[in-house]
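What follows is a single structure, written as structure tokens, with notes after it.
First the proteins, then the strands, lettered A, B, ... as listed; each starts at 1. The shown structure was predicted, so the numbers you read here are calculated from the model rather than taken from an experiment.
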Protein chains: 2
Amino acid sequence: MTTIKDVAKQANVSVATVSRVLNQKGYVSKQAERSVKNAIKSLNYKPNAVARSLYHKTSGIIGLFVPDISNPFFPELARAVEDAATSEGFTVVLCNTDSKQEKEEKYIQVLQQKYADGLIIATGTDSIEHILSTNIPVVALDRYISDHIPTVVSSNKAGAIDATEHLIAQGCQFIAHLRGPKGVTSADDRYTGFKQAIEDHSIAHVVVEAGFEIGQSEVATRNLFEKYPSIDGIFAGSDVTAAGAMRAAYQCKRAVPKDVKIIGFDGISLGEMLTPSLSTIQQPIYEMGQQAAKLLMMMIEKKELPSYWHEFSTTLKIRETSTGSE
Amino acid sequence: MTTIKDVAKQANVSVATVSRVLNQKGYVSKQAERSVKNAIKSLNYKPNAVARSLYHKTSGIIGLFVPDISNPFFPELARAVEDAATSEGFTVVLCNTDSKQEKEEKYIQVLQQKYADGLIIATGTDSIEHILSTNIPVVALDRYISDHIPTVVSSNKAGAIDATEHLIAQGCQFIAHLRGPKGVTSADDRYTGFKQAIEDHSIAHVVVEAGFEIGQSEVATRNLFEKYPSIDGIFAGSDVTAAGAMRAAYQCKRAVPKDVKIIGFDGISLGEMLTPSLSTIQQPIYEMGQQAAKLLMMMIEKKELPSYWHEFSTTLKIRETSTGSE
DNA sequence: CTGAAAGCGCTTACAG
DNA sequence: CTGAAAGCGCTTACAG
């Protein structure tokens, strides 16, 4: 690797001068600048990022914490974060935490040792101390941590109301809600929205916890069909659990959407791959990831944040699982 | 941040001694060791990874190149790579290249400036010069680059034969193959396997290019049904394109598996989320990602590689889209 | 406008 | 067994 010394020698100046033209900082004569630039080009010199890091105590690295990138909600988010970060010259380190505090702590330690500039946290753990006690910028994505941490979420409650009212408008008389895990902010908010819509319209309903995974949801829905044969609408807490409900309907010989209408939540690409295609509440996933990255980079650059709360509207996406009666 | 100097002062030794106990290298008296260890603990000292990097010219960073993490094949691979890397103290940087050479080159440059230790390349671009000309260790995952680069793939051809013969065994008389993009090694190999099986059994068939995306596959399959109404079996080049075929069958009112049997390739979790669930050729995705990471780390540690070619067997996973006649 | 020097936080020959 | 010193490749006061 060629270093700043090689460039200085070739250009017949000191390393200080090379550094000045590199950073466009301080006075440099036209002539010196020209010969340095030539030397840089002819040697194909690229400054060593590690040496810069050591001096500046920054690295251009940001950590992205997700529970598990295999969970289909997170890749789209990760893509958005990475795009936004890369466009500003940052690099993103992927951290799968399985929502385990111990893993989060390990990642935080390793990242701090590398002078990571910031963290985007899209995972939920019970304890938040280890996050609050870190001294690097953090933004919370798709979850709430604390009022002191900038937060990017979607309108989970309003979206859940839209979903439920859509089912009601489609004529559903007995609606089941497959709710996500208790204690997970988004799942709780969706539940609250469901409850409110149901009460506003006095519709028969039942709520069951179905995690965020397909297996659990499939079993839960099957049990539901057995216990309450007259269920004709399902609001699933996520698109993945909606897919589970569709599988259960198939197994129990209920036609979708004819016998039972189903709507999910998230708007991940899975929904369009299902047959029939899944109606859902679309979160602007890409925009959310992008926003989180932008906020983090503003914090890193010590800019004032316009707000600590960024809530994105959801939109009702009507596809095949909730429409008509075919 | 507390530094090695602080520790040295607290322990009443020189920084050299502290460094020695940190690295368990060189002679240190029991007594010095004890007082250094105490100082480290009481100050909660963590060595600065950047300073170490600068000296050693390594960083513990590996780059993972994928076309797009949103494509559902890659998250499982990424998870495996990240798990294996983290367990050995490496950190993985996510690089979405969109299979564009220009993006790959940019990432390579940035990573080299950070003293990245290695690259796992799971993307295909036409040119490979920029990869060959890099001087850091590289392993190719799910693609072939060159004989000089360790490669981890699955038995695409054999898997395709299994898929095709399975459809034949299920009684299919006219089989369509939705092949992946030409020039992509895995897609080409699957096509070759299909051809071979078809010829061995003299079955009517048709091949059409359907990319690796759902939209294209859906349209292609619809056209196929229109043109060749007697198609009763589809071997899709990936699980995603199989999902597209299922959507097309739905639109064209062909029951799956009764009227047309479908099998995919990959074994991503999507297959289990579909209704009916998707028969497929399962690649050991996690093991492949893990193996790639392990090979890369061996190269980084200058260990001899047992082989440059690591081919994993696929397994036929019979689920609902290809069985019975219901 | 420019260079010598100190410093970022480590590691490792080299003397002793 | 231990410390002073040089060096990894940069950047930036400080003098001139």
### Query
What interatomic distance, in whole Å, is found between P of D:dA4 and the corresponding atom of C:dG7?
16 Å

#### Entry: Counterpart base for D:dG16, defined by Watson-Crick or G-U wobble contacts under 3.5 Å
C:dC1

### Message
Go through it in stages, so that I can follow the logic: the residues are B:Y107 and B:L119, the test is side-chain contact (heavy atoms from CB on, under 4.5 Å), and I'd like the CA-CA distance, side-chain angles, deciding distance and then a yes or no.
### Response
CA-CA 10 Å; B:Y107 281 118; B:L119 262 34; over 6 Å; no

### Validation row: B:L22, B:R52 side chains within 4.5 angstrom (heavy atoms)
yes

### Message
Side chains of A:S154 and A:E311 only: does a donor on one sit below 3.5 Å from an acceptor on the other?
### Response
no

### Query
How far does SG of A:C95 sit from CD of B:E82, to the nearest 0.5 angstrom?
6.5 Å

#### Entry: Touch class at under 4.0 angstrom, heavy-atom based, for B:S19 against every strand present
base

### Query
Which part of the nucleic acid, if any, lies within contact of A:A32, taking any heavy atom under 4.0 Å across all strands shown: a base, the sugar-phosphate backbone alone, or nothing?
sugar-phosphate

### Task
Select from B:V28 and A:R20 the residue whose nearest nucleotide in DNA chain D is closer to the 5' end of that strand.
B:V28

### Query
Checking all strands, does B:V13 fall into the base, sugar-phosphate, or nothing category for heavy-atom contacts under 4.0 angstrom?
sugar-phosphate

#### Entry: 5′-ward residue of the pair B:K57/B:S29 relative to DNA chain D
B:S29

### Query
Does atom CD of B:E213 have more than 12 heavy-atom neighbours from other groups under 6.0 Å away?
no

### Query
Is B:E33 salt-bridged to B:K37, cutoff N-O under 4.0 Å?
yes

## Note on the structure
Assign each of B:L54 and A:Y27 the nucleotide of DNA chain C bearing its closest heavy atom; nearer the 5' end lies the nucleotide of A:Y27

### Query
First and last nucleotide of DNA chain C in contact with chain A, 5' to 3', at under 4.0 Å to a heavy atom: what are they?
C:dC1 to C:dG9

